Amino acid sequence: MEIFGLDVGAFRFGSFVSIFVIMAIIETLIPRRERRFTRSKRWTVNLGIMVSDFLAVSAVTIVVPVAAISMALLAEANGWGILYLVSLPVWLEWLIAIVVLDWVIWAQHLATHKIPILWRIHRVHHSDVEMDASTAVRFHPVEIVFSLFVKAIAIVILGPAALAVVVFEALVNGSALFNHANFKLPLGVDKIVRRVFVTPDMHRVHHSVHHEETDSNYGFFLSIWDQLFGTYVAQPKDGHDKMVVGLNEWQDDAPARLSWAMMLPFTNPPRSKKNVKNSK
Ligand SMILES: [Zn+2]
């Protein structure tokens, strides 16, 4: 299958790498916050986690062909899903597919904060003590595989065109790289963009150590869901420069160790009076 004259795999890899590089350059030139920790150690771990994710997804999809694109092709071949029951213009089908799948990702993200066992896995993402483009790939392999199955179920129920799924995944991944990046988007631009899309300032609130801020702004691509469902928080109460990013329990360089990050779902937070208040 081809998209814009490129093989789907090449398109996905090319769009991911180019957006990653652009974000890394922009956040170096116009950073939003001063770094407390250097890039080198964190990036090694975050990219290490990404490689583990790739291996885990490859292993799972060899056994069960559950990748989003495979499921969309299967739905296409069998005429499965709501969108195959109705006759709509292609552009509208694509729009519905992208908006609905984005809601599914939003709802899954909300669930990873509300269900204790899922939070244990998702907190690997939140344990990063800085936020930049590399944080966007810091998800424990178990969460990535879980997400694979959630998307597969959504695709079989909805029945979107396979190419719409490829474009949706590229949009969400590109958007995650954009809104985790530590760069200064002019405030006027941020104000307009965040009416529809998640901006770096909006998503940074979600990475605050304060519980009520972590439990807000769940969107990765469209900002409309948080605004609709009352989980939108405009700015961090400590301000973007002073706010502390990460988890209250681990504000040292432990999160910058690959083995630590992989074991975090099975680790209990250290007990200390200071940490109890804001911990989950
Ligand atoms: Zn989260």
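Treat the numbers as computed from the prediction; the structure is a model and nothing was measured. Atoms within each ligand, like the ligands themselves, are counted from 1 in listed order.
The NE2 atom of His206 and the NE2 atom of His109 meet at the Zn ion (ligand 1) at an angle of about 90°, given to 10°.
Using the six-membered ring where Trp is involved, His109 and His126 have ring planes that are tilted, between 30° and 60° apart. Using cut-offs of 30° and 60° for the angle between ring planes, the Phe221 and Phe197 rings count as tilted.
In summary, the aromatic rings of His206 and His125 are positioned with their centroids too far apart to meet the 6.0 Å limit.
To the nearest 0.5 Å, atom CD of residue Gln108 and atom NE2 of residue His113 are 11.0 Å apart.
The N, O or S atom of His126 lying closest to the Zn ion (ligand 1) is NE2.
The Zn ion (ligand 1) has an N, O or S atom of His113 inside 2.8 Å of it.
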